[in-house]
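So you know, we letter chains A, B, ... as the sequences are listed, proteins then strands, and number each from 1.
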Protein chains: 2
Amino acid sequence: MENDLTVNDNPLRVLVVDDERPIRRFLRTALGGQYTIFEAENGKDALQIMITSRPDIVLLDLGLPDIDGVEVTRRLREWTLVPVIIISVRDREEDKVAALDAGADDYLTKPFSVNELMARIRAALRHCAKPEIESVYQSGDLVINLALREVRLHDQLVMLTPTEYDILRVLVTYAGKVLTHHQLIHAVWGGGNEANAHLLRVNISNLRRKIEQDPLRPRHIITEPGVGYRLRDIE
Amino acid sequence: MENDLTVNDNPLRVLVVDDERPIRRFLRTALGGQYTIFEAENGKDALQIMITSRPDIVLLDLGLPDIDGVEVTRRLREWTLVPVIIISVRDREEDKVAALDAGADDYLTKPFSVNELMARIRAALRHCAKPEIESVYQSGDLVINLALREVRLHDQLVMLTPTEYDILRVLVTYAGKVLTHHQLIHAVWGGGNEANAHLLRVNISNLRRKIEQDPLRPRHIITEPGVGYRLRDIE
DNA sequence: AATTTTCTTGACACATTCTTGAGACTCAGC
DNA sequence: GCTGAGTCTCAAGAATGTGTCAAGAAAATT
């Protein structure tokens with residue numbers, strides 16, 4: 001757009017995730033003049049670099065050796081709204097839909113034109129002027145770090161089951177707000193699953209046993225009778 | 001993403017801009033079940049409909065008879081951030097770059113897969129999720145926050161039962177206006193339930209005990225004899 | 001294949017909330 | 001003052017919601 005008058009002294013940061021070194025080198029050459037480039041050759045490194053270097057946008061290959069790109073996207077969306085552009089050889093409709101629905105912002109098929117990529121990067125950066133999610137929740141002695149996927153009580157790591165963590169993550173994302181049973185069940189077990197409020201209660205109970213000082217008088221996970229649960233807002 | 005907790009009662013509105021009637025019909029068929037569809041066959045109409053109908057997203061063909069799609073995009077960006085997805089037969093790099101830099105959010109080449117289009121629509125809509133409206137009612141020392149589902153008296157949290165909260169929520173929604181017994185009963189207990197005015201009175205009584213300074217001389221929940229109840233408007 | 005962990009289900013105790021009925025109160029109009 | 005319709009409050013049983021335990025099924029890990 002013509003209106004963009006800002007001159008960027010410190011260039012925007014781009015994380016390139018691809019297991020093939022030539023492609024990383026190619027992208028570094030193509031984009032390096034304009035952006036600061038970070039590289040990762042697998043999903044694990046990518047998630048790590050996201051935390052340490054906080055890039056402004058991610059170019060992500062799907063075919064990584066360890067974690068699949070779609071899964072990487074999903075993990076990122078647990079705590080950040082950073083724009084993610086998928087760059088993949090896979091051209092099938094299902095792949096695109098899966099990646100976009102996992103939270104990717106755009107999907108480009110290899111081989112691609114550098115100019116188009118750069119235009120799509122500009123477009124993606126444009127509409128992401130949104131405030132970031134708070135990725136660390138802290139209340140008293142309880143610290144929940146969504147980026148590290150880790151929960152600490154008195155600096156002590158708390159081991160949660162995947163389901164327990166999911167519930168807690170949703171609660172943190174909407175900290176302070178009431179989430180109905182239905183909303184939580186939908187968010188954790190997906191849309192198809194219906195009406196298992198009991199399961200939710202059991203998990204909340206287990207969760208409380210692990211993160212509450214006194215599970216009988218919960219200070220963090222508050223019951224809203226007849227409605228759902230709420231994570232006490234940061235005090 | 002599973003985390004999307006919003007439940008849309010009124011469907012999102014999609015504006016389809018294409019000069020070929022078959023394509024408009026095709027898109028209406030494909031998307032009509034999920035979205036409300038508006039159509040325009042040229043750029044002038046499109047810009048007009050944008051103002052009158054305020055759609056949530058625009059699917060825009062480039063080859064329009066009057067104004068070029070890129071120009072339409074540029075005009076839109078002068079006053080709105082509505083997501084624009086270009087759908088065009090043009091596959092050249094320059095066209096894509098021009099459209100994206102004019103402010104389009106995505107670019108899809110005809111022929112395209114419907115599933116991919118729908119996934120890209122979902123992705124585009126995700127970007128501009130509207131921030132929630134904080135609906136707060138305040139009257140003197142009574143504060144009712146519908147978003148947080150929280151009622152405070154003197155900054156002190158008031159615990160309400162689900163039914164009590166429901167009644168109060170309806171009253172707040174129509175603050176200042178008289179709601180008949182029948183309207184309240186219908187809103188709280190649903191359509192089938194009939195004629196239990198006594199139940200309503202008991203709940204109003206309990207509600208007053210919790211949120212009124214002097215339940216005998218209510219200042220917030222006013223009785224309109226023979227008609228119903230009314231929440232005193234913000235003073 | 002064996003082991004561990006996690007998920008899911010059912011049973012039960014406990015707490016809260018809903019609903020109902022009885023009675024008291026208010027305020028017109030007679 | 002009396003009557004009656006409408007309103008308010010209280011209290012108790014019924015109904016529903018919630019938390020916990022434990023055991024079998026399923027899944028992941030070894």
Side-chain angles (χ1 to χ4, degrees), chain A residues 66-67 71 149 151 157-171 178-190 192-230, chain B residues 2 149 151 157-169 171 178-185 187-190 192-230:
Chain A
D66 52 348
I67 316 172
E71 181 57 29
R149 273 177 151 259
V151 178
L157 259 180
V158 180
M159 300 307 284
L160 298 181
T161 71
T163 316
E164 286 162 5
Y165 181 80
D166 275 347
I167 293 173
L168 196 56
R169 178 170 54 75
V170 177
L171 286 172
V178 180
L179 293 168
T180 66
H181 301 131
H182 186 270
Q183 287 177 318
L184 277 167
I185 291 166
H186 181 89
V188 174
W189 285 275
N193 215 321
E194 198 52 51
N196 208 338
H198 182 47
L199 229 170
L200 177 63
R201 278 195 221 101
V202 174
N203 276 284
I204 291 280
S205 173
N206 295 334
L207 207 41
R208 276 176 175 155
R209 183 142 28 91
K210 290 182 183 177
I211 66 171
E212 296 278 5
Q213 300 263 358
D214 179 6
L216 293 172
R217 213 164 296 104
R219 288 163 18 92
H220 299 115
I221 301 177
I222 313 293
T223 302
E224 296 285 344
V227 187
Y229 297 92
R230 175 171 62 84
Chain B
E2 296 293 357
R149 202 178 189 284
V151 178
L157 261 179
V158 180
M159 301 306 282
L160 298 181
T161 73
T163 319
E164 285 161 6
Y165 181 83
D166 276 348
I167 293 173
L168 195 56
R169 180 172 48 75
L171 286 171
V178 180
L179 290 166
T180 66
H181 300 134
H182 186 269
Q183 285 178 318
L184 275 167
I185 291 166
V188 175
W189 284 274
N193 216 320
E194 199 51 51
N196 205 339
H198 181 45
L199 229 169
L200 177 63
R201 285 203 205 92
V202 173
N203 276 284
I204 292 280
S205 170
N206 295 334
L207 206 42
R208 276 174 176 156
R209 181 143 30 90
K210 290 182 183 178
I211 66 170
E212 297 279 5
Q213 301 264 356
D214 179 6
L216 294 173
R217 212 163 297 104
R219 288 160 17 95
H220 298 116
I221 301 177
I222 314 294
T223 302
E224 296 286 345
V227 187
Y229 297 92
R230 174 172 63 85

#### Entry: Between CG on residue A/L179 and CD1 on residue A/I185, distance to nearest 0.5 Å
11.5 Å
### Summary
Sorted by number, residues from residues 205-212 of chain B placing a heavy atom under 4.0 Å from DNA chain D are B/S205, B/R208, B/R209
### Message
Determine whether B/Y229 and B/V178 satisfy the following criterion, side-chain contact (heavy atoms from CB on, under 4.5 Å), listing intermediate values before the conclusion.
### Response
CA-CA 6 Å; B/Y229 297 92; B/V178 180; over 6 Å; no
### Stepwise side-chain contact (heavy atoms from CB on, under 4.5 Å) test for B/W189 and B/L184
CA-CA 8 Å; B/W189 284 274; B/L184 275 167; over 6 Å; no
## Note on the structure
Taken in chain and number order and not counting sequence neighbours, the residues that satisfy side-chain contact (heavy atoms from CB on, under 4.5 Å) with B/D166 are B/R169, B/V188
### Task
Can you tell me the distance, in whole Å, between the CE atom of B/M159 and the C1' atom of C/dT16?
11 Å
### Summary
Those residues at least two apart in sequence (or on a different chain) that pass side-chain contact (heavy atoms from CB on, under 4.5 Å) with B/R209 are B/N206
### Task
Return the set of residues passing side-chain contact (heavy atoms from CB on, under 4.5 Å) with B/T180 (not counting sequence neighbours), or none when no residue passes.
B/H182, B/Q183, B/V227
### All ring-ring contact (aromatic ring centres under 6.0 Å, His included) counterparts of A/Y165, not counting sequence neighbours
none
### Query
Taking 5' to 3' order, which nucleotide of DNA chain D is first and which is last to have an atom within less than 4.0 Å of a heavy atom in chain B?
D/dG6 to D/dC10
### Task
Using the test side-chain hydrogen bond (donor to acceptor under 3.5 Å, both in side chains), find all partners of B/E224 that sit at least two apart in sequence or belong to another chain.
B/R230
### Message
Please encode protein proximity along nucleotides 20-30 of chain C as a string of B, S and -, counting only heavy-atom distances under 4.0 Å.
### Response
BBB--------
### Message
Just to be sure I understand the rule, does B/Y229 reach a base, reach only the sugar-phosphate, or reach nothing, if contact means heavy atoms closer than 4.0 Å?
### Response
sugar-phosphate
### Task
Round to the nearest Å and state the distance from A/N203 atom CG to C/dT9 atom C1'.
12 Å
### Query
At under 4.0 Å between heavy atoms, what does B/I204 touch on the DNA or RNA strands: base, sugar-phosphate, or nothing?
nothing
### Task
Look at the side chain of A/K210 and the backbone N and O of A/V158, then say whether any donor-acceptor pair between them is shorter than 3.5 Å.
no
### Message
My understanding is that only residues two or more places apart in sequence, or in another chain, count here; which of them pass side-chain contact (heavy atoms from CB on, under 4.5 Å) with A/E212?
### Response
A/R208, A/P218, A/R219, A/H220, A/I221
#### Entry: B/W189 side chain near C/dT19 phosphate (N/O to OP1/OP2, under 4.0 Å)
yes
### Task
Check the pair B/L200 / B/I167 against side-chain contact (heavy atoms from CB on, under 4.5 Å), numbers first and verdict last.
CA-CA 9 Å; B/L200 177 63; B/I167 293 173; 4.0 Å; yes
#### Entry: Spacing of A/I185 atom CD1 relative to C/dC7 atom C1', expressed in whole Å
15 Å
